[in-house]
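Heads up, the thing below is written out as structure tokens.
On a predicted model such as this, the values are computed, not experimentally measured, just so you know. FYI, side chains are in, hydrogens and waters are out, and symmetry mates aren't considered; it's all heavy atoms of this structure.
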Amino acid sequence: IERDIVEGRLLPGDKLDEKVLAARMGTSRTPVREALRALESVGLVRIQPRIGATVNKPTVSEIIELFEVVGEMEAVAARLACSRANEVERGMISKQHDYCKDQAISGTAKSYFEANIQFHSMIWSAAGNHILEDQIILLDRRLSPYRRVVTFNPGRHQEALAEHTRIATAIQGRDGEAAAIAMREHVALLGDDVVQLARNLRL
């Protein structure tokens, strides 16, 4: 269920019928109900009396706020990675950046998105702060459906790669302030992104 939400097969506001889901997954309604409650706890599902479960449908303002919070947290991670990442970690981040470029040119939209997420997750890990990393991962689960739409916007690949280059270069140079600024600007939700989100996700 989470994968269907994150990957956009289930859109904000879609009904999540326990009986239908249980039949599709070949299970009883009890584990489906438990799964829906777990997804409600992380903000992906909303459960209401007499209505039941639906895919959470945040307002545009709430999505902007979510991008702002994650942007600040990822900026901290990028800054910490500059001082804490070892040579191997810095090398892996640089190689992943190169792989992102390859996928943007010759890969699929899905492979590029996955490469992009891996680039970010390497930086979270290199920050050396498990609490920060756990919180970013938790919020990124909520953000992922919307980040996916932004990533797939026409022309966004080239902009994102230029932004990745600034982030990777700052980390290689151990310039924490530059890395934080570059990451914050990279994650920020731009005006055109907001319009595209609202149109694609029926917000």
Side-chain angles (χ1 to χ4, degrees), residues 5-8 11-12 42-44 56-83 85 93-94 96-101 103-104 109-110 112-127 129 131-203:
I5 295 172
V6 168
E7 294 182 0
L11 297 176
V42 297
L44 289 176
N56 191 33
K57 188 174 184 177
T59 65
V60 172
S61 294
E62 288 170 341
I63 293 175
I64 292 173
E65 290 173 1
L66 187 57
F67 269 94
E68 287 176 346
V69 171
V70 173
E72 290 300 322
M73 293 173 72
E74 288 208 55
V76 172
R79 178 171 55 78
L80 291 176
C82 288
S83 59
I93 290 169
S94 181
Q96 188 62 28
H97 172 47
D98 291 337
Y99 181 65
C100 278
K101 289 191 288 187
Q103 293 307 304
K110 184 174 185 294
Y112 170 73
F113 183 78
E114 291 172 350
N116 176 66
I117 290 298
Q118 187 63 21
F119 173 77
H120 282 261
S121 65
M122 284 181 176
I123 295 172
W124 308 340
S125 177
N129 185 311
I131 293 177
L132 176 63
E133 183 179 6
D134 287 346
Q135 292 304 307
I136 293 175
I137 290 172
L138 182 63
L139 283 177
D140 190 65
R141 290 172 68 188
R142 295 177 61 186
L143 186 66
S144 195
Y146 318 116
R147 177 175 268 176
R148 180 177 292 269
V149 171
V150 172
T151 300
F152 291 168
N153 278 353
R156 179 58 182 151
H157 284 181
Q158 293 305 315
E159 294 176 2
L161 288 175
E163 293 159 4
H164 278 190
T165 297
R166 289 194 288 272
I167 295 166
T169 299
I171 291 175
Q172 296 306 314
R174 294 183 175 274
D175 188 338
E177 188 61 27
I181 292 172
M183 181 64 83
R184 187 181 296 112
E185 291 176 348
H186 173 58
V187 178
L189 197 60
L190 304 178
D192 289 345
D193 296 331
V194 175
V195 172
Q196 193 66 34
L197 271 173
R199 180 181 299 117
N200 287 6
L201 297 179
R202 308 181 313 211
L203 300 177

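Taking 4.5 Å as the limit, every side-chain heavy atom of Thr169 sits out of range of all side-chain heavy atoms of Gln172. Between Asp134 and Leu138 the shortest side-chain heavy-atom distance does not fall below 4.5 Å. The shortest side-chain heavy-atom distance between Val70 and Arg142 does not fall under the 4.5 Å cut-off. You'll find the side chain of Asn129 stays beyond 4.5 Å of the side chain of Val76, heavy atoms only. The side-chain heavy atoms of Gln103 and Asn116, taken from C-beta on, include no pair separated by under 4.5 Å. Between Val6 and Arg141 the shortest side-chain heavy-atom distance does not fall below 4.5 Å. Contact check for Lys101 versus Asp98: side-chain heavy atoms found under the 4.5 Å cut-off.
Pairing each heavy atom of Cys100 with each of Ala115, the nearest pair is SG-O, 3.3 Å. Pairing each heavy atom of Cys82 with each of Ala179, the nearest pair is SG-CB, 3.5 Å. In terms of heavy-atom proximity, Asn56 sits nearest to Gly43 at ND2-O, 3.0 Å.
Under a 4.0 Å N-O distance rule, the pair Arg79/Glu177 does not qualify as a salt bridge.
Under the salt bridge (charged side-chain N to carboxylate O under 4.0 Å, His left out) criterion, Glu114 pairs with Lys110, not counting sequence neighbours.
Ring pair Phe119/His97 is tilted by interplanar angle, where 30° to 60° counts as tilted.
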Exercise for the section: Apply side-chain contact (heavy atoms from CB on, under 4.5 Å) to Ile181 and Glu185, showing your working. Expected result: CA-CA 6 Å; Ile181 292 172; Glu185 291 176 348; 3.6 Å; yes
Problem - Worked check of side-chain contact (heavy atoms from CB on, under 4.5 Å) between Phe67 and Val187 - result: CA-CA 7 Å; Phe67 269 94; Val187 178; 4.2 Å; yes
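Residue Ile167 holds its CD1 atom at 5.5 Å from CD1 of Ile123, rounded to the nearest 0.5 Å. Interatomic distance, CD1 of Ile117 versus CZ of Arg147, reported as 5.0 Å (0.5 Å rounding). Remark: Glu159 CD to His186 NE2 distance equals 11.0 Å, nearest 0.5 Å. With values rounded to the nearest 0.5 angstrom, Ser83 atom OG is found 10.5 Å from Ile171 atom CD1. Between the NE2 atom in His164 and the CE atom in Met183 there is a gap of 7.0 Å [rounded to 0.5 Å]. Atom CZ of Arg184 sits about 11.5 Å away from atom CD of Glu74, to the nearest 0.5 Å.
Between the Thr165 side chain and the Leu161 main chain, a donor and an acceptor come within less than 3.5 Å of each other.
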